[in-house]
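Right, one structure below, let's go through it.
Here the structure is a predicted model, which means the values were calculated and not measured. Numbered from 1 within each chain, the chains take letters A, B, ... in sequence-line order. Just so you know, these numbers use all the heavy atoms, side chains as well, and skip hydrogens, waters and symmetry mates.
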Amino acid sequence: MGAFDNGFDGEFDLISDLENTYSEVNTDDGDELLEGLNPEQKEAVMHLDGPLLILAGAGSGKTRVITYRIAYMMKKHHVSPGSILAITFTNKAANEMKERINKLVGDSSRYIWSGTFHSIFARILRRHAECLGFTSAFTIVDTDDQIKLIKQVMTELDIPEKIYKPRNFQYEISKQKNDMVSVEEFERSAGKDSYYVNTAKVYRRYQQRLIENNSMDFDDILIYMVRLLKEDPEILSFYQNKFRYIMVDEYQDTNRAQYTAVQLLSSSHKNICVVGDDDQSIYSFRGADVRMILSFEKDFRGAKVVKLERNYRSTSTILEAANKVIANNRSRKEKKLRTEGGKGDPIIIMNSDTQMVEAMFTADTILKLVKSGKCGYSDIAVLYRMNALSRSIESALRERGIPFKVYGGMRFYDRKEIKDVFAYLRIIADGKDNLAFERIINVPKRGIGDATVDAVREIAMNEGTDCLSVCQNAFDYPELQRAASRLNSFYALIDMMREELRKNEKTFPEYIDFVENRSGIVDDIIAQRESKGELIDRVENLKELLTEAIEFEKARRAVSFDKEELHRTEADNDIVGIEIKNDPYLEEETRNIDTLEGLLNAYLETAALYASGDEDDGSDDNVKLMTIHSAKGLEFSSVFLVGAEEGIFPSYKCLTTESDLEEERRLMYVAITRAKKNLFITLTRNRMIFGQTQCNAPSRFLKEMPPELLYLMGSKREVKPPAVNPVSPRRSDSAKAISSAISGAFKKPKPPEGLAPSELSVGMRVVHGRFGEGTIIKAEQVAGDCLVTIDFDGMKKNMLAKSAGLKKA
DNA sequence: TTAGTTCCCTATTAG
DNA sequence: AGGGAACTAA
């Protein structure tokens, strides 16, 4: 208090009081972030430099720790957001994290690099694609494309599909890539075993074909990233300097290649923080290796370890059940989660006769929960082991008018019609994309069959050109004469679409609509539907793609708008003391998105890695349906776990080896610990699956839960798994008859009634089922429907009129 | 050679 | 139940 020692006397109390208040309000140096954290969480948040391992049990406030740690780094230590790399397991998790950080530190959180391994690495690879012999527009092939390529390769190599299954090769190749075994290494280790010899042949040829097509599979993204870092010291040191602080969430699900990349990136500064829980390792099927997290302390000398073992999420009942189940696993680090939460309700087990009853129970109970005011729809999740189980639940929910959203499942981008449109877009963007060519050369049917395609491919290979160019010059090749004019007009079609793209007159969704129509896909689908009476509405999916395109264009434009506003953001940031101006690595994507062409390229680049519907704007009050795998990291007030039967969960595929079974048990652990207050587990004696009714015993995991925590409903029969080996599924004809009779009554998806698309116009007041009343501010007739933008009290939403079921206000 | 039909076979989890 | 291969008709 030396400043006061020059003649003043008196109001010291007042001054020091002011001083305190003032500093609390204005210093804002990050310490306020520590309030409300427990000692271990605090320890983790405050750790800045050097390796850090956070062993975070389920519900222990992991996400909170991660977000607070990042915010603390920025506020307290003035770490530039541009030098933070945060790797999450899903894109959804990345978005959520960003949002939460944004609340803590403001807009500058946008500069944090966050996303999945795949999306972040793909982004980096696009910049340096040339170093690896690719162009920056390389395509990412999905599992479907992989299988197609492998089949082609197999015919080339005369490997009979009767004996070897393409799927097996795909699996094997993926496995090798995850372990970073190159073609050469694999060939050397293959020995004389004909299976491995053939796998090696396929591997080599497959890889070659990918390169020829300027494409990578999902595993390649990781492999090439590692190669890039290893082979180019300049690039390595650039990213080492850029990403001075690295965080990896769900570290227990990391594979060898991912581990190596992280290792390389952090090797110069060792500022690496990983978060995980060995009990929640559920991705070994795609190369995840729990040993990565178990050996972290060895890999990174002097690593600090923080254990978060206090559960803030669940009732003690739920937690106790989870603990008891997981305790049956032999290979794990001994630990136990504690909670101060109350006992809560017992876990309700519902054993029913058919899956219809199971679904009705689920739907009715959801209705009861919501009506009683216990929770809203969005606090409820229905989880299952297999996507196939969602069907019956969906119909029951639909019947009762319960709003819901299905996550994952048949991924949006995996649907045939969507992939077809994408193939058109891909070949428009890049004529060398032979995979896209082969996909749509005869979609819709235009009289070009396998034989012609084979001939075209042959010519293209011999001439060292691409298939589309062969079409352009089809008349030059005598062997193509029969189909020459058809091939040529296909080229003309694509050329016309390119011309339209270059004109740059349409908006992005308009252009997609143009491609959907001109390609003939829309008409083809309508014709098919009329002739075969298809169940799913594929046209609806195509329209959904248009909605996506609107969102995409909007988001992109928003980014470029933000850039103009940058100076203001910087000023804002100075207030909280985050210096971003001087960070040479601070950057945002600078792709040209002012033209239609630029937008298309940007769209194609991101689409493959984003499962549509991944992002959830949170405003929708609906029940969430998803697999247990995709529920990882999420929590819900009430959870319904359906299909708790032997053969389903644990999956029949995982019954043979102990390690597979332990992974299933970890899955069960994850499922249970998603619930905060109420957990319902349902099972049914007769389940119709894969077109057959099977009769399964209750899941063995149920027996591992303490009976006093359970409340059994439905069947009088005890919940008791088989004594020894699981009984193989039996067919039951009477049950089959009954369930199919009921399922007939169940199948009636009712499209919402509402205003016809043509009746809508700008300025009109309409009512939406969930958002209430709003004004149409934009209306665009598209593909027999109307794309409308509606302003609901300031909240703007894009939707398609037909599926939205709008009514006149 | 292509398109339409039938028949057969095979089924997790995901970026 | 659904997709793909094999078969058949044009």
What is the distance, rounded to the nearest whole Å, between atom CZ of A:Phe285 and atom P of B:dT12? 11 Å
What stems involve DNA chain B, if each pair must be Watson-Crick or G-U and both of its distances must be under 3.5 Å, with 3 or more such pairs in a row? B:1-10 with C:1-10
With no hydrogens and no angle check, do the side chains of A:Asn488 and A:Ser485 hold a donor and an acceptor under 3.5 Å apart? no
Can you tell me the distance, in whole Å, between the CD1 atom of A:Ile648 and the P atom of B:dA11? 16 Å
Under the side-chain contact (heavy atoms from CB on, under 4.5 Å) test, residues paired with A:Arg167 that sit two or more places apart: A:Ile147, A:Gln170
Whole angstrom value for the distance that separates C1' of C:dG3 from CG of A:Asp144: 11 Å
Out of curiosity, A:Asp289 CG to A:Arg291 CZ, how far, rounded to the nearest 0.5 Å? 4.0 Å
Atom pairs, N/O to N/O, protein against nucleotides 5-7 of chain C, distance under 3.5 Å?
{"from": "C:dA5", "atom 1": "OP1", "to": "A:Lys151", "atom 2": "NZ", "distance (Å)": "3.3"}

Among B:dA11, B:dT13, B:dT1, the nucleotide that comes nearest once only the side chain of A:Met386 is considered: B:dT13
Return the polar atom pairs (N/O with N/O) between nucleotides 2-8 of chain B and the protein under 3.5 Å, or none.
{"from": "B:dT2", "atom 1": "OP1", "to": "A:Gly449", "atom 2": "N", "distance (Å)": "2.8"}
{"from": "B:dT2", "atom 1": "OP1", "to": "A:Thr452", "atom 2": "OG1", "distance (Å)": "2.2"}
{"from": "B:dT2", "atom 1": "OP2", "to": "A:Ala451", "atom 2": "N", "distance (Å)": "3.2"}
{"from": "B:dT2", "atom 1": "O5'", "to": "A:Gly449", "atom 2": "N", "distance (Å)": "3.4"}
{"from": "B:dA3", "atom 1": "OP1", "to": "A:Gly447", "atom 2": "N", "distance (Å)": "3.0"}
{"from": "B:dA3", "atom 1": "OP2", "to": "A:Asn442", "atom 2": "ND2", "distance (Å)": "3.2"}

Nearest-Å distance, NZ (A:Lys416) to P (C:dG3)? 10 Å
If you count the non-hydrogen atoms of other residues, nucleotides and ligands that lie under 6.0 Å from CD in A:Glu479, is the total more than 12? yes
Whole angstrom value for the distance that separates P of B:dA11 from CD1 of A:Ile147: 10 Å
Give a yes or no on this: more than 12 heavy atoms of other residues, nucleotides or ligands lie within 6.0 Å of atom CZ of A:Arg256. no
With a 3.5 Å cut-off and no angle check, do the side chains of A:Arg666 and A:Gln280 form a donor-acceptor pair? no
Separation of B:dT12 P from A:Arg391 CZ (nearest whole Å): 14 Å
CA sep, side-chain torsions, deciding dist, call: A:Asn541, A:Glu417, side chain to side chain donor-acceptor pair (under 3.5 Å): CA-CA 8 Å; A:Asn541 291 335; A:Glu417 59 280 9; 2.7 Å; yes
Report yes or no: do A:Ser174 and A:Asp219 form a side-chain donor-acceptor pair below 3.5 Å? yes
Over 60° means perpendicular and under 30° means parallel, so classify the ring planes of A:Tyr164 and A:Tyr195, tilted if in between. parallel
In terms of side-chain heavy atoms, does A:Gln146 have a donor or acceptor partner in A:Lys151 at a distance below 3.5 Å? no
Return whichever of A:Phe218 or A:Ser651 has its heavy-atom-nearest nucleotide of DNA chain B closer to the 5' end. A:Ser651
Suppose we screen for side chain to side chain donor-acceptor pair (under 3.5 Å). Which residues come up paired with A:Asn214, at least two apart in sequence or across chains? A:Thr135
OP1 or OP2 of B:dA14 under 4.0 Å from side-chain N/O of A:Thr627: yes
Could you tell me how far apart A:Leu487 (CG) and B:dT1 (P) are, to the nearest whole angstrom? 13 Å
side-chain contact (heavy atoms from CB on, under 4.5 Å) with A:Thr656: which residues, sequence neighbours excluded? none
What nucleic acid atoms does A:Tyr283 come within less than 4.0 Å of, heavy atoms only: base, sugar-phosphate, or nothing? sugar-phosphate
Counting just side-chain N and O atoms, does A:Asn387 come under 4.0 Å of either OP1 or OP2 of B:dA11? no
Interatomic distance where CZ belongs to A:Arg167 and P belongs to B:dT13 [whole Å]: 10 Å
